[in-house]
Amino acid sequence: MNKEQLNAATQAMIEWLAHPAELGKAPAKIECAGEFDLHEMHYYIFKYKKSALGKWLLGVCGGYEDDELENCGHVFSEMEEYHEETAEEDAIALVEYVREYIMNLAKTAEERKENAGTFINYVLLSEAKWDKEALLRDLKETWGIEDESSEDDTEDEEDERDDTFIITYQGAMLAISLMPGPIPDGEAENAAAMNFMWPDGKEKVKQHKAHILIAQLGRELPPMESGVMLVKAVVSACKQEGVLGIYTGDVVLEPTYYLAFAQALNEDAFPITNLVWVGLHNNEKGLCGYTAGMRNFGYDEMEVLNSSVEPMELLDFLSSIANYVITEDVILQDGETIGFTGNQQLPITKSQGFAVEGDSLKIEY
């Protein structure tokens, strides 16, 4: 038995059990009850007690390759009673369950990413008018974006209305339309009220009488590049007269704020702030934060709950994590940890969202 590896496995098992979503504390007692090999990796069987007088329960930790001290994430327990005669069989069943769960998560994540890359923004206008030719010209002169459709395709689109145009560029389709009316049901106004950085945003947005719809369909373009193309189109649209705000579908951003952060494009940096909103709110236990926009790239939204840090620190933290996930193509998983330093290990839990619809990744910070 590799003593050093066993010590690492014991510590990993204790940390897993101590997670708030599991036992919530270190076990009162824990012992290694055996080891086995499966799928060319090594595993350790543990028996542990919740309390000193409690029953022995079964846990497993692995898999380890050769003499490595880092496991592959197969650390699990259903907190069921330990039976010596079937311990290895039961532990193998736990490993197979975890492997299938992780593979299903990976498959779901890949499917989500395959369908990612569609973005829709609305540039809110004070009047129902635009200079379509100026917008087309700016897209070409500022960003080099122009229609690459064949002449046959162009002929098919000759009946295109004056208030709509479609550009096919680098495997993506960019559709831009002037909509001669406000976004209905007060939707944009409610989204503007969510922007804590724009106190009078809701009142400003109430003045909009029309909007430019900008839809970016990635098709063959990776989601990250598709998002960049959307920001470029929005920046060009912001040069129109009477722009009041940019509705991203989650929040309305003030035009000068949007354009300031879009400067990242000129520095070959990813414009994360234009594409992923970080919202903040308080509850009785502390400051909370959430992302809105990660799903457009095929990733889970993230939340931090009950934090004691300052608002700007939490905003910067979530924005940095979002930027890291998107630019490095990282899939964060339930039960993992993340950190920006060697000593920082922040637990990740996936569960029903608090400020976002569906599940979200909760990061303890």
Side-chain angles (χ1 to χ4, degrees), residues 1-110 300 328-351 359 361-364:
M1 180 178 290
N2 184 326
K3 292 292 182 67
E4 192 176 6
Q5 191 177 78
L6 171 60
N7 290 337
T10 304
Q11 186 60 35
M13 190 80 243
I14 292 172
E15 290 175 357
W16 187 91
L17 290 168
H19 192 280
E22 306 306 335
L23 189 59
K25 61 180 182 179
K29 193 172 183 180
I30 186 169
E31 296 178 7
C32 178
E35 54 187 321
F36 63 92
D37 291 315
L38 184 69
H39 303 301
E40 299 182 351
M41 289 190 288
H42 199 64
Y43 291 85
Y44 293 91
I45 304 169
F46 289 97
K47 60 179 183 179
Y48 65 93
K49 291 185 177 184
K50 291 183 180 181
S51 60
L53 301 179
K55 295 180 180 179
W56 286 109
L57 305 177
L58 174 70
V60 65
C61 181
Y64 293 91
E65 294 185 1
D66 302 322
D67 294 326
E68 293 290 328
L69 299 181
E70 290 290 330
N71 63 70
C72 72
H74 298 165
V75 187
F76 191 60
S77 172
E78 289 188 322
M79 301 186 187
E80 294 185 346
E81 189 172 351
Y82 169 83
H83 299 286
E84 184 177 359
E85 63 276 12
T86 61
E88 183 172 328
E89 179 183 344
D90 295 339
I92 289 173
L94 289 180
V95 171
E96 295 293 11
Y97 172 81
V98 173
R99 287 184 77 248
E100 182 178 3
Y101 175 74
I102 292 175
M103 286 190 289
N104 285 337
L105 280 180
K107 181 179 178 181
T108 300
E110 286 302 318
D300 289 312
E328 299 298 325
D329 191 19
V330 176
I331 303 293
L332 301 181
Q333 302 282 14
D334 183 23
E336 293 182 341
T337 62
I338 190 171
F340 287 120
T341 66
N343 297 325
Q344 190 179 49
Q345 292 187 323
L346 307 174
I348 300 171
T349 304
K350 186 172 184 176
S351 61
D359 288 345
L361 297 173
K362 315 296 187 304
I363 303 176
E364 292 186 27

Show me, pair by pair, the donor-acceptor contacts under 3.5 angstrom made by side chains of residues 70-78, not counting sequence neighbours?
from: Asn71; atom 1: OD1; to: Gly73; atom 2: N; distance (Å): 2.7
from: His74; atom 1: ND1; to: Tyr43; atom 2: OH; distance (Å): 2.7
from: Ser77; atom 1: OG; to: Tyr48; atom 2: OH; distance (Å): 2.7
from: Ser77; atom 1: OG; to: Leu58; atom 2: O; distance (Å): 2.6
from: Ser77; atom 1: OG; to: Met79; atom 2: N; distance (Å): 2.9

Just checking Glu65: does its CD atom have more than 12 heavy atoms from other residues, nucleotides or ligands closer to it than 6.0 angstrom? no
If I compare all heavy atoms of Ala8 with all of Leu69, which pair ends up nearest, and what's the gap? CB-O, 3.7 Å
CD-SG distance between Glu15 and Cys61, expressed to the nearest 0.5 angstrom: 9.5 Å
If you count every heavy atom of other residues, nucleotides or ligands that lies below 6.0 Å from Phe340 atom CZ, does the total exceed 12? yes
Mark yes when over 12 heavy atoms from residues, nucleotides or ligands other than Glu85 sit less than 6.0 Å from its CD; otherwise mark no. yes
Which word best sums up how the rings of Tyr44 and His42 line up, parallel for under 30°, tilted for 30 to 60°, or perpendicular for over 60°? perpendicular
Rounded to the nearest 0.5 angstrom, the NZ-CG distance for Lys350 and Asp334 is 8.0 Å
Result of checking Glu22, Lys362, Glu336, His19 against Thr349 for side-chain hydrogen bond (donor to acceptor under 3.5 Å, both in side chains): His19
Who passes side-chain contact (heavy atoms from CB on, under 4.5 Å) against Lys25, sequence neighbours left out? Leu23
Leu6 CG to Asn2 CG distance, which is reported to the nearest 0.5 Å: 8.0 Å
When rounded to the nearest 0.5 angstrom, what distance separates CD1 in Ile348 from CD1 in Ile338? 5.0 Å
Please check: side-chain N/O of Gln5 versus main-chain N/O of Asp66, any donor-acceptor pairing under 3.5 Å? yes
Quick one: pull up OG1 in Thr86 and CD1 in Ile92 and give me the separation to the nearest 0.5 Å. 11.0 Å
Write out all pairs satisfying salt bridge (charged side-chain N to carboxylate O under 4.0 Å, His left out) with one or both partners inside residues 35-53, taking only residues at least two apart or from two chains. Glu31-Lys47
Leu17 and Phe46: side chain to side chain contact (heavy atoms under 4.5 Å, CB included), yes or no, with the steps? CA-CA 12 Å; Leu17 290 168; Phe46 289 97; over 6 Å; no
Closest approach of Ala26 and Ala18, non-hydrogen atoms and distance? N-CB, 3.9 Å
